[in-house]
Number of protein chains: 2
Amino acid sequence: MNKERDDTLASRISRVLAERIISGVLPPGERLRQDHVAEEFGASHVPVREAFRRLEAQGLAVSEPRRGVRVAAFDLKEVREVAEMRAALEVLALRHAVPHLTPAILDRAEAATVAADSSRDVRSWEAANRAFHRIILEPCSMPRLLAAIDDLHAASARFLFSAWRSSWEARTDHDHRAILTALRQGKGEEAAAILERHVGWIGKTPVRTAAGEVRDAFSIIG
Amino acid sequence: MNKERDDTLASRISRVLAERIISGVLPPGERLRQDHVAEEFGASHVPVREAFRRLEAQGLAVSEPRRGVRVAAFDLKEVREVAEMRAALEVLALRHAVPHLTPAILDRAEAATVAADSSRDVRSWEAANRAFHRIILEPCSMPRLLAAIDDLHAASARFLFSAWRSSWEARTDHDHRAILTALRQGKGEEAAAILERHVGWIGKTPVRTAAGEVRDAFSIIG
DNA sequence: CGTGCGAGAATTATAGATAATCTGAAAGAC
DNA sequence: GTCTTTCAGATTATCTATAATTCTCGCACG
């Protein structure tokens, strides 16, 4: 009855709030009042405060001493920052993961890509996209690095959801497929290069590509 | 009278504990009992718990639900992980900082290097070394990135202090000087390359260099 | 020698007290 | 008349005190 016995009330609250912040239910700048949150969860304010601390560490909330906690704001500049951090860290993770990648793992990654391409809404696309990245990076076995990447993915998703208010249309992620192809051929460095460009694109302002075509809006996927 | 009006008891406790963990006063695996800590600071356990959450987010402590929190253990594998993350992120930060570097900033960085070279003990060497990195990276103006790097520096310092129990001897940091020289000549990419190698060395096991000499112990500086 | 019970200790949570901040209106200065 | 300052009331964050689960560990018992 008691949910998972193996996690604390504070961590459950922080997960729910994180989910709301990322999905945009709680907009940037919104105040998080501990008593209200506590009441909603039928808890007291102590675990709520602990949840706030975790959100703060994840960069999802900002706290001014004695003035309360607010949902963190973000601008294009921070989106770029997160994108470049992701690019740098995911490349690092992939390089370490490559020696441990098996055909079975790559098959799972391909399944995630297929799921992403056939998604009917942003939420499921984001989940599948995140799964793809997780699957190919996890074998690096670097917990601290993976945790950092997870937090960055949360920030990315937040931006994605905020920008993509309209309907979602299915699309094929050529980058993901190119990464998988390179990995299957043992071309680790080539895969890393594609990944770096793929992730680094997020938030880029309109730019003329080598082929001469112009991207009409900044990219919000990766 | 009330110290800084602009910080909370919890954050003060977390700073003190972080300092103790990094310096090794609190050894890896040591239990952190909230009641004891609370008593020491003349506080109750609530701010202590919040401090624990922050330490957890910084990777300095690990918490098992309902079983308490311990000072995080670390092995050579994690040292390498931190070193590579630092290398990746510091290179990124430096690339963005380069356009904003001024002669005045480089002079301050050089002063930090001089201070490091003339340090009589590990503590002051570490502080000066950290200052050097901070000074040349700060102009990137990427707060999230800089915060991440700070946490990684804390982890690095922890390893340094744990490995270097013996006396400290002054040494000249040629890498730092080479980085400064490159930056003064406007060779940003060269500086980045040196920085990457410099930081990435930390925790490397004995290896034969191109010149044929053998490093007798893994490197613990950077 | 392994298993289960029970006392003690520690973590987690609640409720209440304290102190700081914000709001808004009234009093005073220019 | 407008702007600034000041002060009460209400709201909220922060911390203390206390209660209730949960875990640990020693020791008896099968």
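These numbers were taken from a predicted model, which means no experiment stands behind them. A note on names: the letters A, B, ... follow the listed sequences, proteins ahead of strands, and every chain is numbered from 1.
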Phosphate oxygens OP1/OP2 of dA13(C): is one of them under 4.0 Å from a side-chain N or O of T8(A)?
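For T8(A), the contact criterion (side-chain N or O under 4.0 Å from OP1 or OP2 of dA13(C)) is met.
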
Indicate whether OP1 or OP2 belonging to dT12(D) is found under 4.0 Å from a side-chain N or O atom of R66(A).
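False: R66(A) side-chain N/O out of range (4.0 Å or more) of dT12(D) OP1/OP2.
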
Would you mind reporting whether P47(A) and R12(A) have side-chain heavy atoms less than 4.5 Å apart?
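They are not in side-chain contact.
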
Student check: side-chain heavy atoms of E50(A) and L9(A) closer than 4.5 Å:
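Of all side-chain heavy-atom pairs linking L9(A) with E50(A), none is under 4.5 Å.
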
Would you kindly give the [atom1]-to-[atom2] distance between [X] and [N], to the nearest whole Å?
X      : N       : atom1 : atom2 : value
E64(A) : dT21(C) : CD    : P     : 11 Å
I13(A) : dA13(C) : CD1   : C1'   : 11 Å
D35(B) : dT24(D) : CG    : P     : 17 Å
E39(B) : dT11(C) : CD    : P     : 13 Å
R12(A) : dT12(C) : CZ    : P     : 13 Å
F41(A) : dT14(C) : CZ    : C1'   : 17 Å
Q34(A) : dA15(C) : CD    : P     : 14 Å
R33(A) : dC22(C) : CZ    : C1'   : 12 Å

Could you pick out which residue, R67(B) or S44(A), lies toward the 5' side of DNA chain C when each is mapped onto its nearest nucleotide?
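Taking each residue's closest nucleotide, the earlier one in sequence belongs to R67(B).
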
Between R31(A) and E50(A), which has a closest nucleotide on DNA chain C that is more 5'?
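Of the two residues, E50(A) wins.
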
What pair of heavy atoms forms the shortest contact from P139(B) to I105(B), and how long is it?
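Reported closest heavy-atom pair: CG-CD1, 3.9 Å.
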
Quick check: any donor-acceptor pair below 3.5 Å linking the side-chain of H45(B) to the base of dA13(C)?
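Yes.
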
From dT14(D), dT14(C), dT16(D), pick the nucleotide closest to the side chain of R53(A)?
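Nucleotide nearest to R53(A)'s side chain: dT14(D).
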
Residue H36(B), side-chain atoms from C-beta onward, closest of dA13(C), dA10(C), dT14(D):
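Minimum distance to the H36(B) side chain belongs to dA10(C).
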
For the atom pair CZ (R53(A)) and CZ (F52(B)), what is the distance rounded to the nearest 0.5 Å?
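If we round to the nearest 0.5 Å, R53(A):CZ and F52(B):CZ are 14.5 Å apart.
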
Aromatic rings H133(A) and H176(A): how do their planes relate, parallel, tilted or perpendicular, breaks at 30° and 60°?
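Aromatic pair H133(A)/H176(A) classed perpendicular.
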
